[in-house]
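Okay, structure first, notes after.
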Amino acid sequence: MSDYNLSHLDELEAEGMYVLREVAAQFERPAILFSGGKDSICVTHLARKAFAPARIPMPLVHIDTGHNFPETLQFRDDLVNELGVQLIVGSVQELIDRGEVTEEQGFNASRNRIQTPTLISTIEAHQFDACVGGARRDEEKARAKERFFSHRDDFSQWDPKNQRPELWDLYNGKCQPGEHFRVFPLNNWTELDIWNYILRENIAIPSLYFAHEREVIRRDGQILANSAYLNLRPDEQPEKLQVRFRTLGDLTITGAVESDADNLEKIVAEVAAARKTERGGRMDDKRSQSAMEDRKKEGYF
Amino acid sequence: MAQGLLRFITAGSVDDGKSTLIGRLLYDSKTIFEDQLESIEQASTQRGTDGADLSLLTDGLRAEREQGITIDVAYRYFATPKRKFIIADAPGHIQYTRNMVTGASTADLAIILIDARAGLLEQTHRHSFIAHLLGIKHMVVCVNKMDLVDWDEARYNEIVDLYRSFSSRLDIPDIRFIPISALQGDNVVDRSERMAWYDGPTLLNHLEHVHVAADRNLQDCRFPVQYVVRPQTDAHRDFRGYAGRVAGGVFKVGDKVVALPSGLSSKVTSIAIGEKQVDMAFPPQSVVMTLADDIDLSRGDMLVRENNQPESVQDIDARICWLSEQPMRPGTRFELHHTSREAKAVVKEVVYKLDINTLHRVEDDLQIGMNDIARVRIRTAAPVLADDYRRNRATGSFILVDPGTRLTVAAGVIYA
C-alpha cells in the first residue's frame, strides 16, 4: 500500500496542476498574474508542468508599479523568453500620466494601492475572464476564506460575505458578462511548502531572495531597501546590512530581514524556524486589521 | 518516509471550545507567529477582552470580528515533522449547515467536540450526520472541558456510550474517543496526568498516525479527461495527450483502457507528470496520458477498464444540500457539473427532506430552502458516468448550477 502514498508536496502539486487545467478548460481568456515573486514563480512552474509538453496556454501579466527591483524585471524577461509565452505589462506610471490615478504623497507613500486600478484596467483592456494569482490562504486572515475560483463582479470587487460555495474539486467558473474570476492554485500551500517545493524542483528565483549586502534604512521596526523612490526622513541614515527578502513587492513596501541564508537549504531552515509571518515585513498590511480585506474587496491581487 | 497530508474538519461554535482547541493545536505546534499574536493581543485590548482572544485568529473577516461569529469556512495550516495538516474550520450553527458541508467535502477526518457537562446535543447529531453524509470515514469525538467535570472517568464513559448508540445508525468505520481539556491542554498535544485512566493516544498523536491513504479508491480505474494537450510545435507535431486527475484505480503504461461514453478501446502508451515519464498513476495525481490509437476523446469523457465501468445514468438518486438563499423552484433546469462533465438536469422529485437534528424523514413539507438536506431524483439530458459516492467521492459527487445566476445552488452525492 505504501507505494501509493504521496508526500504533501506531491499532493499540493497535483492539486495546483488540476486547478490550472480547469482554468485553461473553462475560460476563454485566462491569464497568469506574474509579480516576479516566489509565489507567482511557483504558479508558473506548476503551469509549465500542467501543460507540458505544450507551452503554457495563457499569457503572463505583470502589473508594473515602476518601482521595481531591477533584478525582478530581468528575471521576468528571462523567464518569459525561456517559456515562449506572451508577456503583458500593465503600467501604473501610464495610469498616473493619463491622470486616472493619483499618487500617494508623504514619507510612507507607496504605489501599492494604485496597483488595483491598473490591474482592473488591464483586465478590462484584455477582457480576461480568469486571472490566476499566487496568493495563499495562510498569508493573511482575510485570505483564509478565499476560494480556488474566486468570483469578481463587473467592478472587479470581491464580496467576502457572499462567496460561492466550493465543494470537492468541482470549480464553477460560470459568470455573467463583464465579471471574472481570480484563481488561486496555491491556496493550500504555506510559505514553507513554497520553499521546500522550490528546493525540490530546483526552480530559479530572483537573487533578492538570497542573503546579500544592501544599503537599507530602518523604519518603524522594518528594514527597507534604500532607493530613489523612498522618501527619507531627516533623521534616517542609510546603512549597509546583510539582508534578504521574504516577499517581493515593490521597492517602497517590501521589508528585508537580516539573514545569512545565501542558498535554498539555508532559506528553508530559516523559514522553518521563523517566528514572524512573511507579511510581517509588509508595510501595506500594517495599516489596519482589515487592510488586506479592504484592498481585496476593491480588486487587489 | 515522506511527510503526508491530512485534511480534517472541525465544526462547532465558540462555546464548544473549538477556537480554543484550534488555537492550542496551532500554538503548541508553533504555527502562531509573533506578529499574529501581537496583532490579536492589540485587538483584544481594544475590545476589552482579557488576554489574547484566540478566536480572533480564526475569524478573518471584518463582519465576523464585529459580530464575534464565524460565518464561513476558514482554512488553517499547521505541520509537525510527521504530517502536514489542513483544518477546515466550519461554523457550527444550523444556519451554516452549507458551510460545514463545504468544509466536509474535502476532509478525510472530522473532529466532533462534545462539552463534557452538556453531553450530546442536537448539533452533535447534526455534525456527525453531515460528516457521514459527505463520506468522512474517520471521526474523532473529543469530550472537551474534562476539567469542569473533575476529570471524571464515569462521565466520560457515559458520553462515549451515548455516542456509540447514536452513531451505530451512521456508516463511519473509524470512530475514536479522546477526553480532553482544550483550555488546559490535556490530551491535545501532551498527555494528561490528571486522566491516568485514559490510555489512548493524545489528539495530535492520533492525527499524526491515522491511516487515510487506504480511503482512496485504488480498485476502480477512473480518469476523467480534463483537458487535451496538443502542443502543435515542431518538436511535438503529432502529440495528443489527455490531461486529468486520477479519480480512482491505478493506471499503468501498457494497460488496455476503454473511453466512455464512446466505448472505444486503446492502450496507454505513456504517463507523464510534467516532463517526467512515470510507470503508473493513482489518485489524486495529475498526469498526462497518451494512447496508442487516435480515438475521439475530449473533456468530459472518461478512461476506465473494460471489466470495471461506472454506471452511465440519466436518472440519479441523490442526497442534496441546498446552498442557495433562494428556495428551489420546482421544474428549474439546472446545469449539473460532475467530474469534468456538464449536463442539463431537472429535479423530478423530492422524495423526502431530512430533519438533520433528529435524522427523521420529513415527507409532508417538501419545499427545499437553504441548508436543507433532501433525497431527490434527478433526470439529466445526457448520461452521467457515475459511481456510488460511498465508493468514490470524485465520481459520486456533483453540484447544481443555476443557469440564470450562474451560482452554485446545490451539492449532491449519488447513491447508485
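In what follows, chains are A, B, ... by sequence order, proteins preceding strands, each numbered from 1.
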Exercise for the section: State, with a plain yes or no, whether a side-chain heavy atom of A/Thr190 is found less than 4.5 Å away from one of B/Lys84. Expected result: yes
Handout entry: Atom CG of A/Asn81: over 12 foreign heavy atoms under 6.0 Å
Key = yes
Problem - Pairs of heavy atoms under 4.5 Å with chain A: top-ranked of B/Val250, B/Thr106, B/Val409 - result: B/Val250
Exercise for the section: Counting only heavy atoms closer than 4.5 Å, note whether B/Phe239 contacts chain A via side chain, backbone, both or neither. Expected result: side chain
Exercise for the section: Mark yes when over 12 heavy atoms from residues, nucleotides or ligands other than B/Glu325 sit less than 6.0 Å from its CD; otherwise mark no. Expected result: no
Handout entry: Winner by heavy-atom pair count (cut-off under 4.5 Å) against chain A, out of B/Leu134, B/Val287, B/Ile86
Key = B/Val287
Completion exercise
Among B/Ser286, B/Gly241, B/Gly274, the residue with the most heavy-atom pairs under 4.5 Å to chain A is B/Ser286
Exercise for the section: Pick whichever of B/Glu342, B/Glu275, B/Lys276, B/Arg7 has the most heavy-atom pairs under 4.5 Å with chain A. Expected result: B/Arg7
Handout entry: Parallel, tilted or perpendicular, as decided by the 30° and 60° cut-offs, for the rings of B/Trp322 and B/Phe334
Key = perpendicular
Exercise for the section: Flag the pair A/Phe27 / A/Phe181 as yes when their ring centroid distance falls below 6.0 Å, and as no otherwise. Expected result: yes
Exercise for the section: Identify which part of B/Ser324 has an atom lying under 4.5 Å from any heavy atom of chain A, answering side chain, backbone, both or neither. Expected result: neither
Exercise for the section: Name the option with the most non-hydrogen atom pairs under 4.5 Å to chain B; the candidates are A/Gln26, A/Arg48, A/His151, A/Arg147. Expected result: A/Arg147
Practice task
Considering only heavy atoms and a distance below 4.5 Å, find which of B/Val229, B/Ile273, B/Thr233, B/Leu6 pairs most often with chain A.
Solution key: B/Val229
Problem - Best-contacting candidate, A/Pro165, A/Pro53, A/Ala25, A/Ala54, against chain B by heavy atom pairs under 4.5 angstrom - result: A/Pro53
Handout entry: Atom CD of A/Glu28: over 12 foreign heavy atoms under 6.0 Å
Key = no
Handout entry: Test side chain to side chain donor-acceptor pair (under 3.5 Å) applied to A/Tyr18 and B/Gln226, step by step
Key = CA-CA 8 Å; A/Tyr18 172 83; B/Gln226 206 187 345; 4.8 Å; no
